[in-house]
Structures are given as structure tokens and as C-alpha cells.
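These notes are about the structure you will find just below.
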Amino acid sequence: MEKQKPQDIVYEYIKGQIASKAMFPGNRIIEDDIVKETGVSRTSIRPALMRLKYEGMVEMVPHRGTFVAKPSEADLRQVYRMRRVLESGALEEAIEKRTEKHLRALEENLKAQELLSENYSRQAYVELNHQFHWIIVEATDNIYYEKYLNEIYNRAGTFLIFYDSSVENNSMTSHRKIYEALRDRDLQKGLEGIEEDIEIALADLARADLRS
């Protein structure tokens, strides 16, 4: 088995701390503490922080340091507005180009989501949710959907980790509807599924007060 790179160790450690709420939005990330907790050198920290910054999980402020990101309500609405537009276009291409391999991957993902309902984990849900939508992106065979939706999904995942307090997977119905639309090449049904999926996410996040 390939040995894990030091910067990957740092990345996973900080992301885990944020996901478990050991680090809260607005908390400063102290590099000396990271070195102490992970045993890696300081040179491995910056690449990990840059990766987390790209994913929207941390903010790097010149002359002040690095902080756990504190997304605003405006950020959330902009991200989901763009997600609606990009996902609708991606679905149209995916319906035309999807293969049996993509359908099988979606089926396996849905089975994993069903099992998750027996022992819910927000972090596991975020990962499965990302994987589900990413299979559809891959089916488009369009590098631009991959580029821009990757950033959108990273941002949306950050919101879920920070603010979603759900204790169950509320997206099973909309995910299954999107899968059936791809299977049956039914664009209208798929667009309805996307709209339902986004509304569910926004409703879950609405329980949190992003203004604080």
C-alpha cells in the first residue's frame, strides 16, 4: 500500500476536525498545533491549506493567518443558484451519453445511501451525495461541467458540513427520481428531481442561522 503523503495527512486531519465540529467556522488554524497533532513538518501544511481553501473550507487572510471558513447566507444562495443552472445542463447531456456503467454506479450509490439511513453520518452523507452527482457529471463527458461543478459541489459540501443538522438522508426520493430519469432518458423528470433535490438541501440549511 502506498504511504500517505504528509500534506494528505494534514488535509484529512483538518477536514476531519471541521467535519466533527472540533473546529468551528471562524476559528483560527494554528500551524504549530497541526504539527504537534499530525507529526508532519510545517512545509506540508501550506499545500493542504491551499487545497482546503479551494474547497471553500478555510480562508487565508494576509498578515492574519488561516481560519475555518464562515460562509454567508449570500454565499449559499449564489452557490445553489449556479448549481441549479449547471446541473440542469449537465443532466441533459448525461441523458444522451450515459452508459450502463453509469447506471450501475448510480444504483450502487443509492444502495449505500439506503444503508446509511441505518447509521447516519453527516460526513458519509456528504461524500455519497458528492459521488452520486459526480457520476452524472462524468456521464456528460464534458470537461467544463467537470471543472465548474467540482467547485460548486465542494462549496455545497462545505455548507452541509458546517450547517446541516439533519439526522437522516432527506435526498433519497429526489436522488432516485434523478436516477430513474437517466435510466429512462426522461429529461423533464430529471429536471424535477434536480429542483426537488436543491429545495431539500436549502430547507435543511435554512434551519441554521448563517447570519451569526
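Start at 1 with the first residue, then count along the sequence. The structure presented is a predicted model; accordingly, all values stated were derived computationally and were not measured.
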(message) Closer than 4.0 angstrom, basic N to acidic O: yes or no for D32 and R42?
(response) yes

(request) Test side chain to side chain contact (heavy atoms under 4.5 Å, CB included) on F159 and D75 and set out the steps. (result) CA-CA 9 Å; F159 288 125; D75 293 331; 3.8 Å; yes

(message) Please report the interatomic distance CD(E199) to CD1(I194), rounded to the nearest 0.5 Å.
(response) 12.5 Å

(request) Taking N142 for its side chain and A90 for its backbone only, find out whether a donor-acceptor pair lies under 3.5 Å. (result) no

(request) Just say parallel, tilted or perpendicular for the rings of F132 and H175, cut-offs at 30° and 60°. (result) parallel

(request) Using the rule that two of Ile, Leu, Val, Met, Phe, Trp, Tyr join whenever any of their side-chain heavy atoms come within less than 4.5 Å, decide whether V68 and V35 are in one cluster. (result) yes

(message) For T140 versus V137, what's the shortest heavy-atom pair and its separation?
(response) OG1-O, 2.6 Å

(request) Determine yes or no for a side-chain-to-main-chain donor-acceptor pair under 3.5 angstrom, with R28 supplying the side chain and F67 the backbone. (result) no

(request) Please say which of E59, Q17, M23 ends up in a side chain to side chain contact (heavy atoms under 4.5 Å, CB included) with I29. (result) M23

(message) Counting only heavy atoms from other residues, nucleotides and ligands, does the tally under 6.0 Å from CD of E107 exceed 12?
(response) yes

(message) Taking Y144 as the starting point, is it possible to reach L149 by hopping between hydrophobic residues whose side chains are less than 4.5 Å apart?
(response) yes

(message) Pair I178, E196 - check side chain to side chain contact (heavy atoms under 4.5 Å, CB included), show working.
(response) CA-CA 10 Å; I178 293 168; E196 290 175 13; over 6 Å; no

(request) Establish whether I200 and I152 are linked, either directly or via other cluster members, by ILVMFWY side-chain heavy-atom contacts under 4.5 Å. (result) no

(message) For the CD atom of Q131 and the CG atom of L106, what is their distance to the nearest 0.5 Å?
(response) 11.0 Å

(message) Between the side chains of K177 and E180, is the shortest nitrogen-to-carboxylate-oxygen separation below 4.0 Å, so that they form an ion pair?
(response) no

(message) Could you walk me through whether N150 and E146 satisfy the side-chain hydrogen bond (donor to acceptor under 3.5 Å, both in side chains) test, starting with their C-alpha distance in whole Å, then the side-chain angles of each, then the deciding distance to 0.1 Å, before giving a yes or no?
(response) CA-CA 6 Å; N150 181 54; E146 292 184 11; over 6 Å; no

(message) Would a single hydrophobic cluster contain both M172 and Y120, if residues Ile, Leu, Val, Met, Phe, Trp and Tyr are joined by side-chain heavy-atom contacts under 4.5 Å?
(response) yes

(message) Nearest 0.5 angstrom please: E87 CD to Y80 OH, how far?
(response) 9.5 Å

(request) Supply the atom-to-atom distance L110 CG to L115 CG, rounded to the nearest 0.5 angstrom. (result) 11.0 Å

(message) Between K97 and E138, does any NZ, NE, NH1 or NH2 come within less than 4.0 Å of an OD or OE carboxylate oxygen?
(response) no

(request) Decide if atom OH of Y54 counts as having more than 12 heavy atoms of other residues, nucleotides or ligands within a radius under 6.0 Å. (result) yes

(request) Would you check if the side chain of S171 reaches a backbone N or O of S174 as a donor-acceptor pair within less than 3.5 Å? (result) no

(request) May I ask you to test the M60-M50 pair for a side-chain heavy-atom distance under 4.5 Å? (result) yes

(request) Look at the side chain of H102 and the backbone N and O of T99, then say whether any donor-acceptor pair between them is shorter than 3.5 Å. (result) yes

(request) Taking only Lys NZ, Arg NE, NH1 and NH2, and the carboxylate oxygens of Asp or Glu, determine whether R77 and E73 approach each other closer than 4.0 Å. (result) yes

(request) Output yes when a side-chain donor or acceptor of D184 lies under 3.5 Å from a complementary backbone atom of D186, and no otherwise. (result) no

Return all side-chain donor-acceptor pairs below 3.5 angstrom for residues 6-14, not counting sequence neighbours, or 'none' if the list is empty.
| residue | atom | partner | partner atom | Å |
| --- | --- | --- | --- | --- |
| D8 | OD1 | R51 | NH1 | 3.4 |
| Y11 | OH | K15 | NZ | 3.1 |
| Y11 | OH | E55 | OE1 | 2.9 |
| Y11 | OH | E55 | OE2 | 2.9 |

(message) Nearest 0.5 Å, please: how far is CD in E93 from OH in Y145?
(response) 5.0 Å

(request) Start with the C-alpha gap between V61 and T66, add the side-chain angles, then the distance that decides, and say whether side chain to side chain contact (heavy atoms under 4.5 Å, CB included) holds. (result) CA-CA 6 Å; V61 183; T66 303; over 6 Å; no

(request) Mind running side chain to side chain contact (heavy atoms under 4.5 Å, CB included) on R155 and M82 for me, showing each step along the way? (result) CA-CA 11 Å; R155 296 282 180 173; M82 288 309 303; over 6 Å; no

(request) Examine distances only and state if a side-chain atom of N119 and a backbone atom of L116 form a donor-acceptor pair shorter than 3.5 Å. (result) no

(request) Check for a donor-acceptor pair, side chain of R98 on one end and backbone N or O of L91 on the other, with a separation under 3.5 Å. (result) no

(request) Look at the side chain of N129 and the backbone N and O of V126, then say whether any donor-acceptor pair between them is shorter than 3.5 Å. (result) no

(request) May I ask you to decide whether R83 forms a salt bridge with D197, counting only side-chain N to carboxylate O separations under 4.0 Å? (result) yes

(message) As an exercise, state the distance from CG of L202 to CG of L76, rounded to the nearest 0.5 Å.
(response) 6.0 Å

(request) Would you confirm whether S88, through its side chain, and R84, through its main-chain N or O, come within 3.5 Å as a donor-acceptor pair? (result) yes

